[in-house]
Structures are given as C-alpha cells and as structure tokens.
Amino acid sequence: MITSRLLLREISRSKSTRFLSSLTSFEPKPEQRTRELIDKIIRVDQAGELAADRIYAGQMAVLGRTDVGPTIQHMWDEEKAHLAKFNELIPKYKARPSILLPLWNVAGFALGAGTALLGKEAAMACTVAVEAVIGEHYNNQLRDLMEHADQTKDKDLIETIKKFRDDENQHHDTGLANNAEQAPFYQGLTSAIKMGCRLGIYVAERI
C-alpha cells in the first residue's frame with residue numbers, strides 16, 4: 001500500500017514537472033519568428049539609412065562646393081531614396097522604429113562633417129568603411145529572408161534590400177575610385193568607423 005502511494009505520488013510529480021517544463025520551453029511559431037525578423041530588419045535599416053543620409057549631409061556641408069561635391073550629392077540622393085522607402089515600409093509592416101533615431105541623426109551628421117573636415121580623401125574613406133559594413137549587413141539580411149520569409153508576400157522587401165545592397169556596394173567602389181586610401185591614417189580610420197557601424201547595427205536592431 002505504501003509502495004503504491006509513493007508510486008502514484010512520483011507519477012503525479014513527474015506529470016507536473018513535464019507540464020511546467022512545457023510552459024517554460026515554449027517556442028514561438030515560425031510565423032511569429034518571421035514577423036520578429038522582419039520587424040528587426042526594417043527597424044535597423046530605417047535607422048541605418050537615416051544615419052547614411054545625415055553622413056552625406058555632413059559631407060556636403062563641408063565639401064559641397066569642391067570638385068567632389070557632385071559625387072557626394074549623387075550618393076546622397078540615392079540614400080534619400082533608400083530612407084524614403086524604409087519610412088514607407090515602417091507602417092506597411094507595422095514595424096517599431098528605433099527609439100534612438102535622434103541619436104543616429106546627430107551621430108551621422110557629425111561623422112560625415114568630421115571626416116570631411118579632414119579632407120575629401122577622409123570623407124571617401126568614411127564612405128568606404130560605412131558602405132562595406134552596410135553591404136555585408138544587407139547580405140546577412142537577405143540570407144535570413146531567403147530562409148524564413150514568404151518569398152511571394154515579402155518579395156518587395158527582398159527586392160528592395162537587393163537593390164539597396166547593390167547601391168551601397170557602388171558607393172563603396174566610388175569611394176575607392178576617389179582616393180579614399182590616400183586619407184591620413186586610412187586603416188585606423190576605416191577600422192574605427194566600421195566598429196562604430198557594427199555597434200550601431202547591434203543597438204538599432206534591439207532599441
């Protein structure tokens with residue numbers, strides 16, 4: 001009798017443990033994971049394109065009347081189009097914008113103007129560094145979307161990121177063609193900017 005009671009008690013305890021375990025090990029459905037992925041992508045990309053827009057605005061404020069001004073203006077115009085598209089996608093996907101948009105605004109302009117004050121080569125080095133990170137970032141997002149997103153429903157987002165990735169790669173090459181590597185302390189400067197960009201991406205994905 002005692003043995004039977006102990007056995008029943010142990011079975012009851014085992015069932016309770018499994019039930020509690022099932023509650024704590026709950027995993028979101030694939031649709032929810034995809035929704036969270038897209039929310040993160042649109043949030044960080046809007047923030048990144050805002051920062052890029054302000055970087056070129058800062059460069060133009062310093063170098064707009066120099067011989068490299070038209071080149072910067074062309075890249076800036078493309079970044080404006082990128083930002084406008086992500087501003088459109090935020091409400092379309094009901095994505096949550098980064099609460100740090102004012103910070104990205106100020107930091108972007110400061111980076112653009114600050115490097116431009118070092119000379120047009122440093123401004124182009126900034127472009128090379130930023131666009132290298134962004135091109136890599138967009139490629140990572142495309143891999144995630146190809147694996148998890150609905151290729152029909154989310155086709156517009158996927159095609160948008162592909163196009164913007166190609167634009168950013170072109171900006172990177174434009175920077176190299178305009179003597180970016182002749183900037184003072186090129187390696188140190190670009191490494192520091194890349195590190196800052198990667199940190200910004202990490203933060204903007206979450207906040």
Side-chain angles (χ1 to χ4, degrees), residues 27-59 75-115 125-151 153-172 175 190-207:
E27 292 186 2
K29 295 180 180 180
E31 295 83 359
Q32 183 180 344
R33 288 199 298 268
T34 300
R35 177 71 184 83
E36 290 171 353
L37 170 66
I38 291 176
D39 184 81
K40 178 178 72 172
I41 285 174
I42 295 176
R43 174 169 52 257
V44 68
D45 288 354
Q46 184 201 34
E49 293 298 350
L50 172 64
D53 172 85
R54 303 325 296 156
I55 287 171
Y56 287 113
Q59 291 182 353
M75 294 189 289
W76 188 16
D77 288 341
E78 291 189 333
E79 298 297 352
K80 290 177 182 178
H82 295 181
L83 177 58
K85 181 62 176 180
F86 280 110
N87 286 344
E88 172 190 318
L89 292 176
I90 285 281
K92 177 180 177 180
Y93 282 90
K94 297 182 174 61
R96 175 177 61 81
S98 170
I99 64 173
L100 298 178
L101 289 179
L103 174 61
W104 311 134
N105 189 331
V106 173
F109 189 91
L111 178 59
T115 52
C126 174
T127 293
V128 167
V130 170
E131 304 297 20
V133 173
I134 299 306
E136 174 187 281
H137 169 68
Y138 277 148
N139 277 330
N140 291 337
Q141 289 185 338
L142 287 170
R143 281 190 286 270
D144 287 340
L145 288 170
M146 291 300 179
E147 182 178 354
H148 300 292
D150 184 322
Q151 304 301 304
K153 179 181 176 182
D154 300 313
K155 182 179 179 180
D156 179 44
L157 176 60
I158 293 169
E159 292 302 317
T160 292
I161 292 177
K162 284 181 179 178
K163 181 185 183 305
F164 291 178
R165 183 268 318 272
D166 293 344
D167 289 345
E168 310 299 5
N169 287 340
Q170 184 60 49
H171 296 173
H172 172 274
T190 53
S191 293
I193 292 172
K194 287 178 180 180
M195 186 182 300
C197 288
R198 292 188 178 108
L199 176 60
I201 288 170
Y202 178 86
V203 173
E205 284 180 337
R206 293 160 175 79
I207 302 177

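Reckoned from all heavy atoms, side chains included, excluding hydrogens, waters and symmetry mates. Counting from 1, the numbers follow the sequence of the chain as shown.
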Taking only residues two or more places apart in sequence or in another chain, which ones pass side-chain hydrogen bond (donor to acceptor under 3.5 Å, both in side chains) with K85?
E88, D156

To the closest 0.5 Å, what do you measure between CG (L142) and NE2 (H137)?
10.0 Å

Please round to the nearest 0.5 Å and tell me the distance separating atom CG of L37 and atom CD of Q32.
12.5 Å

Report yes or no: does Q141 contribute a side-chain atom to a donor-acceptor pair with the main-chain N or O of I158 at less than 3.5 Å?
no

First locate atom CG of D77, then atom NZ of K80, and finally report the distance between them rounded to the nearest 0.5 Å.
5.0 Å

How would you list all residue pairs meeting salt bridge (Lys or Arg N to Asp or Glu O under 4.0 Å) that involve residues 195-207, not counting sequence neighbours?
E136-R198

Quick one, D45 with Y138, criterion side chain to side chain contact (heavy atoms under 4.5 Å, CB included). Give me CA distance, side-chain angles, the key distance, then yes/no.
CA-CA 9 Å; D45 288 354; Y138 277 148; 3.4 Å; yes

Closest non-hydrogen atom pair between A132 and K194, with its separation
CB-CE, 4.1 Å

Partner set under side-chain hydrogen bond (donor to acceptor under 3.5 Å, both in side chains) for D39, not counting sequence neighbours
R43

To the nearest 0.5 Å, atom CD1 of I207 lies from atom CZ of R96 at 8.5 Å

Answer whether the closest heavy-atom distance between the side chains of L157 and L89 falls below 4.5 Å.
yes

If you define the side chain from C-beta out and look only at heavy atoms, does anything of I161 sit under 4.5 Å from I41?
yes

W76 vs D53 side-chain heavy atoms within contact, under 4.5 Å
yes

Is the shortest heavy-atom distance from the side chain of E49 to the side chain of E168 under 4.5 Å?
yes

If you look at every heavy atom in P97 and Q46, which pair is closest and at what distance?
CB-OE1, 3.6 Å

Quick one: side-chain hydrogen bond (donor to acceptor under 3.5 Å, both in side chains) partners of D154, sequence neighbours excluded?
Y93

Residue pair K92 / I42, side-chain heavy-atom distance below 4.5 Å:
no

Under 3.5 Å side-chain donor-acceptor pair for E131 and N169:
no

Please name all residues satisfying side chain to side chain contact (heavy atoms under 4.5 Å, CB included) with A51, sequence neighbours left out, ordered by chain then number.
W104

Going by heavy atoms in the side chains, are E79 and H171 under 4.5 Å from each other?
yes

Look at K162 together with E159 and state whether they make a salt bridge at an N to O cut-off of under 4.0 Å.
yes

Using the test side-chain hydrogen bond (donor to acceptor under 3.5 Å, both in side chains), find all partners of H172 that sit at least two apart in sequence or belong to another chain.
none

One should read off an interatomic distance between F109 CZ and R54 CZ, to the nearest 0.5 angstrom, of 6.5 Å

Main-chain N/O of A129 paired with T190 side-chain donor or acceptor, under 3.5 Å:
no

Would a 4.5 Å heavy-atom cut-off, applied to side chains only, mark L111 and C126 as touching?
yes

If you measure from CD1 on I38 to NZ on K94, what distance do you get to the nearest 0.5 Å?
13.0 Å

Aromatic plane relationship, F164 with H82 - under 30° parallel, 30 to 60° tilted, over 60° perpendicular:
parallel

Can you find a pair of side-chain heavy atoms, one from M146 and one from Q151, that are under 4.5 Å apart?
yes

Could you walk me through whether I193 and T115 pass the side chain to side chain contact (heavy atoms under 4.5 Å, CB included) check?
CA-CA 10 Å; I193 292 172; T115 52; 4.2 Å; yes

